[in-house]
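Notes follow the structure.
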Amino acid sequence: MSERRARAHALIRGLYAITDAALMPPPAFAARAEAALRGGAQVLQYRDKSNDHDRRGREAVGLLSLCRQYGATLVINDDVHLARNIGAPAVHIGQGDTSVQEARALLGPEIIIGVTCHNSLELAIAAQLAGADYVAFGAFHPSPSKPDTVLATPDLLRAAKKQLSLPVVAIGGITPQTGSFLLRAGADALAVISGVFAAPDVEAAARRYARLFG
Ligand SMILES: Cc1ncc(COP(=O)(O)OP(=O)(O)O)c(N)n1
Ligand SMILES: Cc1nc(C(=O)O)sc1CCOP(=O)(O)O
Ligand SMILES: [Mg+2]
């Protein structure tokens with residue numbers, strides 16, 4: 001196994017919290033992100049669909065510094081140029097985003113690349129062959145944060161664990177209760193937006209997920 005994929009196995013696990021601009025409006029953005037890290041998030045994805053480049057740059061740099069402080073891994077969603085500009089350790093790309101090959105060519109051999117594979121083992125096998133370092137499946141439940149998803153089943157996680165050698169992330173409407181079932185089916189990480197960032201006490205909510213990982 002390559003050094004980078006071994007690093008992905010070590011880093012892409014546990015609670016994988018994803019930021020949400022609507023649930024984390026300024027000036028509370030950084031404080032809510034830090035609360036998730038205090039609660040035990042091991043991975044934090046910066047997901048912001050706006051075109052405000054200055055704010056996106058500032059927020060991403062702030063999150064990178066917070067993640068370093070807490071020993072967590074920052075993942076930049078969609079924007080490979082932002083990831084390169086700030087020296088992020090990981091990016092996440094979807095099927096309609098930059099390809100794995102293009103992202104790798106731009107970002108080099110060290111960066112961890114994660115790929116959305118919806119409910120398709122075939123997409124995941126292709127992502128692994130293309131050089132991805134983790135795959136994400138979902139949505140396992142209807143998602144309040146992203147209503148236009150297809151549904152995935154726990155059997156997909158079981159099949160993926162047998163056929164892939166990459167960490168597997170589960171996403172979509174996951175609560176601590178349903179998360180425990182997905183972990184038993186083979187998920188290495190639980191990616192969550194609303195379950196963490198819509199909670200009045202973000203740290204306590206994050207801790208409820210983090211505890212599932214022992
Ligand atoms: C961990 C994780 N899994 C899936 C997604 C979804 O990515 P994508 O399909 O590109 O959709 P957007 O998030 O970009 O709207 C994700 N971001 N993170
Ligand atoms: C960003 C994203 N991608 C999904 C997919 O299925 O690929 S579901 C989703 C949103 C996850 O947020 P919540 O935890 O609030 O459901
Ligand atoms: Mg995307």
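The residues of the chain are indexed from 1 along the displayed sequence. Ligands are counted one by one from 1 in listed order, and the atoms in each one are counted from 1 as well. Computation of the quantities below employed the complete heavy-atom set of this structure, encompassing side-chain atoms and omitting hydrogens, waters and symmetry-equivalent molecules.
At a 3.5 angstrom cut-off on N or O pairs, S194 counts as close to ligand 2. Residue-to-ligand polar distances keep A191 apart from ligand 2: every N/O pair is separated by 3.5 Å or more. Checking only distances, I193 does come within under 3.5 Å of ligand 2, N or O to N or O. Polar contact with ligand 1: present for K49 (N/O pair, distance under 3.5 Å). The shortest N/O to N/O separation between Y134 and ligand 1 does not fall below 3.5 Å.
In this structure, Y134 OH and Y16 OH are separated by 2.5 Å, a value rounded to the nearest 0.5 Å.
Side-chain contact annotation: T153 with D155, donor-acceptor N/O pair under 3.5 Å absent. A donor atom on one side chain and an acceptor atom on the other are not found under 3.5 Å apart for R56 and S50. Inspection of the Y70 and E34 side chains reveals an N or O donor paired with an N or O acceptor under 3.5 Å.
Nearest non-hydrogen protein atom to atom 5 (C) of ligand 2 is I171 CG2, 3.7 Å. Atom 15 (O) of ligand 2 has S145 OG, 2.4 Å as its closest protein atom, hydrogens excluded (heavy atom only). Of all protein heavy atoms, the one lying nearest to atom 7 (O) of ligand 1 is T116 OG1, 2.8 Å. In terms of protein heavy-atom proximity, atom 11 (C) of ligand 2 is closest to S143 OG, 3.6 Å. Looking only at heavy atoms of the protein, atom 3 (N) of ligand 1 is closest to A136 CB, 3.3 Å.
Ligand 1 lies within reach of K146, whose nearest heavy atom is under 4.0 Å from it. Within the structure, ligand 2 has G173 among the residues with a heavy atom less than 4.0 angstrom away.
Residue contacts with ligand 2 for R47 involve side-chain atoms from C-beta outward but no N, CA, C or O (heavy atoms, distance under 4.0 Å). With a 4.0 Å heavy-atom cut-off, ligand 2 is reached by the side chain of T149 but not by its N, CA, C or O.
Of all atoms in ligand 1, numbered sequentially from 1 with element shown, those under 4.0 Å from a heavy atom of D97 are 10 (O). Listed by atom number, the atoms of ligand 2 under 4.0 Å from V192 heavy atoms are 14 (O). Of all the atoms in ligand 1, the ones that sit under 4.0 Å from a non-hydrogen atom of R47 are 12 (P), 13 (O), 15 (O). Shown in contact with Q45 at under 4.0 Å from a heavy atom are these atoms of ligand 1, numbered in order with element: 1 (C), 2 (C), 16 (C), 17 (N), 18 (N).
Summary: OD2 is the N/O/S atom of D97 found nearest to the Mg ion (ligand 3). Restricting D78 to its N, O or S atoms, the one at the least distance from the Mg ion (ligand 3) is OD1.
Within the 3.5 Å criterion, the main-chain N or O of C117 finds no donor-acceptor partner in the side chain of S120.
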